[in-house]
4 protein chains.
Amino acid sequence: MSPRRRDAEGTAAARAQRRAELLDTAARVFAERGYAATTIREVADAAGMLAGSLYYHFESKEAMVDEILAGFLADLWDAYDRVLAAGHDPRTTLRALVEASFDTIHRHRPAVVIYQNESRHLVLGDRFRYLGDARTRFREMWVRLLEEGAADGAFRSDLDVQLMYRFIRDSVWAAAGWYDPGGRLPPRAIADQYLAMFLRGIEPHPG
Amino acid sequence: MSPRRRDAEGTAAARAQRRAELLDTAARVFAERGYAATTIREVADAAGMLAGSLYYHFESKEAMVDEILAGFLADLWDAYDRVLAAGHDPRTTLRALVEASFDTIHRHRPAVVIYQNESRHLVLGDRFRYLGDARTRFREMWVRLLEEGAADGAFRSDLDVQLMYRFIRDSVWAAAGWYDPGGRLPPRAIADQYLAMFLRGIEPHPG
Amino acid sequence: MSPRRRDAEGTAAARAQRRAELLDTAARVFAERGYAATTIREVADAAGMLAGSLYYHFESKEAMVDEILAGFLADLWDAYDRVLAAGHDPRTTLRALVEASFDTIHRHRPAVVIYQNESRHLVLGDRFRYLGDARTRFREMWVRLLEEGAADGAFRSDLDVQLMYRFIRDSVWAAAGWYDPGGRLPPRAIADQYLAMFLRGIEPHPG
Amino acid sequence: MSPRRRDAEGTAAARAQRRAELLDTAARVFAERGYAATTIREVADAAGMLAGSLYYHFESKEAMVDEILAGFLADLWDAYDRVLAAGHDPRTTLRALVEASFDTIHRHRPAVVIYQNESRHLVLGDRFRYLGDARTRFREMWVRLLEEGAADGAFRSDLDVQLMYRFIRDSVWAAAGWYDPGGRLPPRAIADQYLAMFLRGIEPHPG
DNA sequence: GATGAATGAGGATTCATTCAT
DNA sequence: AATGAATGAATCCTCATTCAT
């Protein structure tokens with residue numbers, strides 16, 4: 001690799017790196033205080049710079065959440081698409097999706113918190129229409145999975161599929177509110193216990 | 001009862017009634033747009049008056065959420081305390097608590113949404129310390145119940161109790177985000193299906 | 001007139017009156033310092049209020065210039081249309097138009113200054129497209145008049161009509177830059193001398 | 001001449017050349033969007049560099065307009081002084097001054113536009129006091145010329161000399177607003193037609 | 001000569017709140 | 001009870017300018 005090549009890569013990479021750092025900081029602060037209630041100054045403080053300086057890197061406060069949420073969703077769909085491409089049976093697919101979800105919470109905790117708290121409001125603006133699209137695609141995928149599972153006997157068929165979907169969705173994503181990346185339970189352990197509850201409930205099994 | 005007395009009561013009642021109406025409106029708007037993102041003017045618009053006029057009824061924006069959340073919590077604990085006073089076994093108690101929760105969502109949907117989205121941030125201010133207290137009391141009650149149930153064989157004992165607690169808490173309260181008071185399923189029907197999932201999971205039962 | 005009627009009129013009129021006063025002040029300041037270089041605070045200072053208070057009356061700084069310019073143009077076209085409706089010969093029409101122009105400068109001096117200095121830039125924005133339309137209509141009217149006059153022998157026909165148009169337009173409107181409403185020469189006197197120069201030039205006449 | 005000397009001259013000339021190019025660009029942008037409304041970044045964009053880079057060449061934004069306006073005025077007075085030094089009669093002098101003016105507009109169009117739009121505001125700052133001086137000297141020269149012409153019968157004496165002065169000044173310089181250096185009419189042709197209108201008006205001559 | 005990142009002052013605008021009527 | 005006008009602090013954002021590289 002020539003020095004020139006390395007240089008070019010160096011600055012482009014450095015810039016991307018800086019953006020990523022700043023977005024991480026912003027995501028943390030937005031998640032902690034709420035997007036609307038967070039001032040640009042608070043983000044800048046947390047990043048160790050002046051409020052105006054953030055505008056060298058980002059167009060606006062809105063552009064920041066946008067990038068945060070879009071990044072999280074892209075990552076999430078990457079993981080989901082890999083799961084779906086494997087073509088497992090419904091039960092295995094559900095396991096894999098829940099595991100992928102907790103992995104994503106692990107890697108994007110603040111983004112997930114923001115998504116949970118703000119997407120309802122943000123989606124009203126043109127810029128965030130994609131949040132609604134993602135929600136729709138998400139729901140369709142899950143509902144299809146649950147219907148297939150109910151049809152082939154993997155899941156109970158006496159329950160409202162929409163309700164099952166919301167139940168799983170809400171309990172998984174709400175976990176971002178308390179998940180601690182450095183905590184006692186790693187994401188897989190949480191996923192396992194959640195799956196145990198999803199699948200067999202909290203009652204002891206007969207036999 | 002003297003006419004004077006009746007008058008006084010009449011106006012006091014009328015006043016309380018007006019406050020309640022305005023709080024309902026405010027709760028709806030706060031829930032829809034987020035507390036921080038909602039302006040007093042938007043609340044006033046929804047109530048058919050000018051922004052300044054709200055200050056005849058309430059001291060501040062903060063006083064409004066305060067009253068909204070306090071009202072919801074009072075109602076919730078009323079219901080919970082009745083359940084607990086009945087002294088049922090853990091399984092029956094859990095059923096009753098979940099039913100009471102969905103009833104409360106039915107009656108206080110916007111307040112619950114606000115609580116879900118904002119209590120994390122609000123609790124930092126002195127005025128809302130009681131939110132933290134309620135959270136603590138809530139958690140202690142649930143954890144005790146789940147521990148008792150695990151001890152006496154009503155619930156599985158291979159699961160992390162903290163996780164069970166969060167799982168139930170999150171899935172129930174998150175339902176405020178989509179619950180439709182005029183929708184197809186009444187609160188009890190939703191409670192029943194949620195209980196079915198909590199207790200036995202979504203897998204078909206053997207035998 | 002009933003008291004109620006008077007009241008209603010009173011407040012509506014009072015409001016319109018206040019707006020007009022504030023616009024007058026704003027126009028004066030914009031004309032003096034240039035629109036872009038003027039801060040809202042300077043306008044507010046000149047109006048004896050705080051910057052934020054102006055936003056009770058106007059949506060934005062842009063809305064202020066908009067209203068100032070639109071008001072001036074409406075007034076101008078009122079006057080022009082009355083002249084054109086009279087159906088005079090070209091020479092008389094030209095006299096009347098120039099007189100009407102100086103009258104308008106007399107009544108809207110700051111607005112004319114703003115128009116002269118800023119319309120070129122403002123017209124680029126969607127909101128001010130009407131400035132371009134007015135300019136076009138203005139040019140077409142004048143060019144038609146000068147062509148008719150040249151055709152029927154009222155005006156010289158050895159000159160470029162576009163040039164004649166610009167010559168008259170520029171010299172008349174530029175007068176807003178120095179016209180003093182309380183000065184020695186009333187608008188009609190200035191119009192007369194300008195007309196003398198337009199029509200016969202500054203050379204003495206033979207014979 | 002030593003190589004060193006030539007080098008120094010070479011770089012000095014190159015530097016002057018670069019400055020001139022950048023000033024041309026800046027003048028164009030300032031004229032187009034207005035000085036106050038133009039950002040340094042816009043100038044830099046037009047020059048194909050970054051905003052910060054301009055500060056290698058110029059001390060400040062103000063220094064740029066300063067240099068632009070001073071250059072135009074120096075050039076203008078060069079031309080005027082040559083005319084005045086020739087000692088022609090008033091009528092010939094006026095012709096020559098108007099021609100020189102249009103030549104200057106041809107060479108410094110953006111600077112003239114800036115001068116027209118901004119000198120009123122700029123002159124308030126210490127740095128631009130010379131704009132006021134130039135204006136004064138300019139007026140005195142023209143008024144003296146018109147008075148001499150009126151006295152010796154070259155010009156009409158029934159008109160207000162101040163008004164004649166403003167009339168000529170405004171119509172000539174306002175032409176910078178529409179003059180097109182590559183257009184149909186060369187500066188001399190425009191000067192001729194303007195002189196025809198100044199001197200004899202737009203009415204046909206008797207006889 | 002030029003870049004990229006940052007500064008810091010200031011500008012338009014918003015908004016909770018006040019208060020005379 | 002409610003209105004209309006205003007306040008003043010805070011917010012997002014812009015931009016001329018600096019400076020290490």
Side-chain angles (χ1 to χ4, degrees), chain A residues 7 10-12 14-15 18-19 22 36-44 47-64, chain B residues 11 14-15 18-19 22 35-44 47-64, chain C residues 7 10-12 14-15 18-19 22 36-44 47-64, chain D residues 11 14-15 18-19 22 35-44 47-64:
Chain A
D7 256 333
T11 47
R15 185 178 205 129
R18 190 81 178 100
R19 278 179 79 82
L22 293 172
T38 300
T39 71
I40 280 291
R41 223 190 136 238
E42 288 168 333
V43 175
M49 52 170 47
L50 292 177
S53 308
L54 277 177
Y55 288 83
Y56 180 78
H57 301 278
F58 304 98
E59 243 181 41
S60 63
K61 189 185 174 187
E62 216 182 39
M64 290 185 218
Chain B
T11 32
R15 183 180 206 125
R18 190 78 178 104
R19 277 177 80 82
L22 292 172
Y35 171 68
T38 300
T39 71
I40 282 290
R41 225 192 135 232
E42 287 167 334
V43 174
M49 52 171 53
L50 292 180
S53 309
L54 278 176
Y55 286 81
Y56 179 80
H57 301 278
F58 303 98
E59 233 181 50
S60 65
K61 189 186 177 187
E62 217 180 36
M64 292 185 218
Chain C
D7 257 334
T11 47
R15 186 181 203 126
R18 190 80 177 101
R19 278 178 78 82
L22 292 172
T38 299
T39 70
I40 280 291
R41 222 190 135 238
E42 288 168 334
V43 175
M49 52 170 47
L50 291 178
S53 308
L54 276 176
Y55 287 82
Y56 180 78
H57 301 279
F58 304 98
E59 240 182 44
S60 64
K61 189 184 175 189
E62 214 182 42
M64 291 184 217
Chain D
T11 34
R15 183 181 207 125
R18 189 79 178 104
R19 278 178 80 83
L22 292 172
Y35 171 68
T38 299
T39 71
I40 282 290
R41 227 191 133 231
E42 287 168 334
V43 174
M49 52 171 52
L50 292 179
S53 309
L54 277 175
Y55 286 80
Y56 179 81
H57 301 278
F58 303 97
E59 234 181 52
S60 65
K61 187 185 177 189
E62 216 180 39
M64 291 186 217

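Chain letters run A, B, ... following the sequence lines, proteins first and then strands; every chain starts at 1.
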From OH of A:Y55 over to C1' of E:dT7, roughly how many Å is that when rounded to an integer? 15 Å

Along DNA chain E (nearest heavy atom to each residue), the more 5'-positioned of A:L54 and D:M49: D:M49

Mind calculating the distance between CG (D:L22) and C1' (E:dA2) to the nearest angstrom? 12 Å

Looking at every heavy atom in both B:H57 and B:S53, which two are closest together, and how far apart are they? CD2-O, 3.7 Å

Which residues pass the side chain to side chain contact (heavy atoms under 4.5 Å, CB included) test with B:E59, not counting sequence neighbours? B:A63

Comparing D:E59 with B:Y56, nearest DNA chain F nucleotide closer to 5' gives the residue B:Y56

When every non-hydrogen atom of B:L54 is compared with those of B:V43, the smallest separation belongs to CD1-CG1, 3.8 Å

When you compare E:dG1 with F:dT21, how far apart are their C1' atoms, in angstrom units rounded to a whole number? 13 Å

Contacts under 3.5 Å, N or O only, protein and nucleotides 8-11 of chain E:
none

Annotated structure of DNA chain F as dot-bracket, pair cut-off 3.5 Å, Watson-Crick or G-U only, | for inter-strand, is .||||||||||||||||||||

Hey, could you give me the OH/CZ distance between D:Y56 and D:R15, rounded to the nearest 0.5 Å? 4.5 Å

Chain C vs DNA chain F, heavy-atom contacts under 4.0 Å, first-to-last nucleotide span, 5' to 3', is F:dG4 to F:dG8

For C:F58, give me all partners under side chain to side chain contact (heavy atoms under 4.5 Å, CB included), at least two apart in sequence or on another chain. C:R19, C:L22, C:L23, C:M64, C:E67

Just jot down the side chain to side chain contact (heavy atoms under 4.5 Å, CB included) partners of D:R41, sequence neighbours excluded, or say none. D:T39, D:D45, D:A51

